[in-house]
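One structure is given below, encoded as structure tokens.
These figures come from a predicted structure and were not determined experimentally.
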Amino acid sequence: MSFPLLTATAVAPAIGAVATAAVPAARRTAAKWLALGFSLVTLGFALAVVLRFDTGADADRFQLTESHWWIRDFGMRYELGVDGVGVALIALTAVLIPFLIGAGWNDADPAEREAPATRRWRPTQGFFALILLVEAMVIMSFAATDVFLFYVFFEAMLIPMYFLIGGFGDRAGSGDEEGQARQRTYAAVKFLLYNLAGGLVMLAAVIGLYVATADQLPEGTFSLRAILEARASGELDLATSTERWLFLGFFLAFAIKAPLWPLHTWLPNAMGESTAPVAVLITAVVDKVGTFAMLRFCLGLFPDASHWATPVVLTLALVSILYGALLAIGQRDMKRLIAYASISHFGFIVLGIFAMTSQGQGGATLYMINHGVATAVLMLVAGFLISRRGSRIIADYGGVQKTAPVLAGTFLVGGLATLSLPGTGPFVSEFLVLVGTFSRYQVAGIVASAGIVLAALYVLILYQRTMTGPVKAGLEKLPDLRVRELAVVAPLIALVIFLGVYPRPLTDIVNPAVEHTLSDVDRQDPAPQVPEAEAAHE
């Protein structure tokens, strides 16, 4: 029996969460180093997954597979496997978590007035344990090829995220401590209710899928691989109405998680009230489960319904792109601006997925990775800035580049990556999404291009108002980035630039998975259009 590498990758942070939570209250520093150590062990396993993954043309679609009965009477299996998209997103998750732990090193330390309470309550241990627990559940979601197993972890990750948002919120919010606590609670409850509502609808669709397979196959199954094989062989042929209802059940849950307009309203609250590392965890890691699941489950399980829903989904994606960007321009709160920018970026990802071209879906997958890294840079540097000033309001800043030039420089790089400047990773992703969309849906491609202009506006306006001009009162002695903060941000900036200059390592992993998805939905790239004069000359 081969080593269960995927299980080890998911179990390592789960063990780390338990170990970190068990550290005595007085040994906060030991808990931090323990959490960081387990996150690095997880990164080692994730790199082994990448190295073991075969990108050859003859390689299996799902690799490093594990399959064991879980609840035999109900057809539930503990079944894991990864394609190129899953491998890339597991790697993203494992790479980001150590940096988030480093960035949030002091975020959960109790204030001096709270010191006596730490004899019984361990906020620091709880904070880092919850981050590791989320990592474990996200990795399991990317690896699960049993639909019910995926659903379990898709929903379970909401619980630690709820406590991270509501229990460890941003201390730089507006109002008194009681008011800030109410805002954090509101954001956490809104996050939970939105995602639980989508999850309950998805649960009904998961059960419906099992019933549909039981009607046509020898026994009902939740196995993605078994269902794909049955569809390919003609053994499973869902009725049109059944497939559409099931698609809608799955898509609603994924659109909330993504988040896609108009189901996005929980995200600005959640990111605004969270600490910077938790905000990155939400938008760069957890939300990617939604777009990943659209590719794996919506298009894979329900290809005909995906064709049927494409015009509406593309419209929602375009609205997300423009709406998110326009609201980002008008924001007064720095973290909410980044949240609305992320809504715009997720619109590009969904647009690329449902353009159903190799360039569009490949670009969407690269966008998931590059958006995660670029947003991490921008949000973490913004968090460092906010922690110094104690305010998220943009108008409270000005002239920071004169007092903290390194902080301002890293903030600028993160902003330029967010607006997809050539030479950064997001540029490659956005370019491929637009090319892939335009080749099949020209009008949608043209409308989406307006998002590029709007992105330049909200990023450059943010930089101008916070970093340039005269130094704002109270910022004269603003400290620059410390060694720990530089150690967090510098490798992420290097990764953003590397993926912008040389994206081939990612494309080699992702492209075979995209080809399989296009085969599932029976789509091929449109033939190039040759002008009449050129055709006549040939």
Side-chain angles (χ1 to χ4, degrees), residues 39 42-43 46-47 50 84-104 131 134-135 137-139 141-142 157 161 257-259 267 270-271 274 276-295 324 335 338-339 341-350 352-353 362-383 410 413-420 424-430 432-433 455 488-500 503 505-507 509-510:
S39 70
T42 305
L43 177 58
L47 293 177
V50 174
V85 179
V87 168
L89 290 171
I90 287 174
L92 170 70
T93 303
V95 166
L96 285 180
I97 294 300
F99 294 109
L100 299 188
I101 290 174
I131 289 178
V134 172
E135 180 182 22
M137 293 178 176
V138 168
I139 290 174
S141 298
F142 290 142
M157 72 179 70
M161 285 305 310
K257 185 84 79 179
L267 182 67
M271 290 183 65
S274 300
V278 174
V280 174
L281 187 66
I282 294 170
T283 190
V285 177
V286 171
D287 288 353
K288 298 302 189 302
V289 178
T291 48
F292 161 81
M294 289 181 190
L295 267 173
K335 292 170 73 174
I338 299 172
S342 291
I343 292 170
S344 181
H345 294 313
F346 275 103
F348 276 106
I349 295 171
V350 175
I353 291 172
T365 304
L366 294 183
Y367 217 134
M368 295 184 215
I369 309 299
N370 290 316
H371 167 263
V373 181
T375 299
V377 174
L378 184 61
M379 178 60 84
L380 292 180
V381 177
T410 54
V413 173
L416 293 177
T418 299
L419 65 80
S420 301
T424 63
F427 170 77
V428 179
S429 314
E430 201 165 275
L432 288 174
V433 167
V488 168
V489 175
L492 294 177
I493 290 176
L495 185 57
V496 165
I497 296 172
F498 174 79
L499 294 177
L506 269 181
T507 57
I509 293 174
V510 165

Side chains of residues 372-379: which donor-acceptor partners sit under 3.5 Å, not counting sequence neighbours?
residue : atom : partner : partner atom : Å
Thr375  : OG1  : His371  : O            : 2.9
Thr375  : OG1  : His371  : NE2          : 3.1

Taking C-beta and beyond as the side chain, do [X] and [Y] meet within less than 4.5 Å on heavy atoms?
{"X": "Val433", "Y": "Leu366", "answer": "no"}
{"X": "Val428", "Y": "Leu499", "answer": "no"}
{"X": "Pro277", "Y": "Ile101", "answer": "no"}

Return yes if some donor-acceptor pair links the side-chain N/O of Thr424 with the main-chain N/O of Ser420 below 3.5 Å, else return no.
->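 Between the backbone of Ser420 and the side chain of Thr424 there is no qualifying donor-acceptor contact (under 3.5 Å).
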Any donor-acceptor N/O pair, Lys288 side chain to Thr283 backbone, under 3.5 Å |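 It does hold such a pair.
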Hey, what do you get for [atom1] ([X]) to [atom2] ([Y]), rounding to the nearest 0.5 Å?
{"X": "Met157", "Y": "Ser141", "atom1": "CE", "atom2": "OG", "result": "3.5 Å"}
{"X": "Leu267", "Y": "Lys257", "atom1": "CG", "atom2": "NZ", "result": "12.0 Å"}
{"X": "Leu432", "Y": "Phe348", "atom1": "CG", "atom2": "CZ", "result": "13.0 Å"}
{"X": "Ile90", "Y": "Ile139", "atom1": "CD1", "atom2": "CD1", "result": "6.5 Å"}
{"X": "Thr42", "Y": "Ile97", "atom1": "OG1", "atom2": "CD1", "result": "9.0 Å"}
{"X": "Glu135", "Y": "Leu43", "atom1": "CD", "atom2": "CG", "result": "9.0 Å"}

Could you list the residues that satisfy side chain to side chain donor-acceptor pair (under 3.5 Å) with Thr410, not counting sequence neighbours?
->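 In terms of side chain to side chain donor-acceptor pair (under 3.5 Å), with neighbours along the sequence ignored, Thr410 is linked to no residue.
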Atom of [X], atom of [Y] and distance for their closest heavy-atom approach:
{"X": "Ala284", "Y": "Leu92", "value": "O-CD2, 3.6 Å"}
{"X": "Val285", "Y": "Phe142", "value": "O-CZ, 4.4 Å"}
{"X": "Val488", "Y": "Gly102", "value": "CG2-C, 3.8 Å"}

Apply the test side chain to side chain contact (heavy atoms under 4.5 Å, CB included) to residues Met368 and Ile353: give CA-CA distance (whole Å), side-chain angles for both, the deciding distance (0.1 Å), then the verdict.
-> CA-CA 11 Å; Met368 295 184 215; Ile353 291 172; 4.3 Å; yes
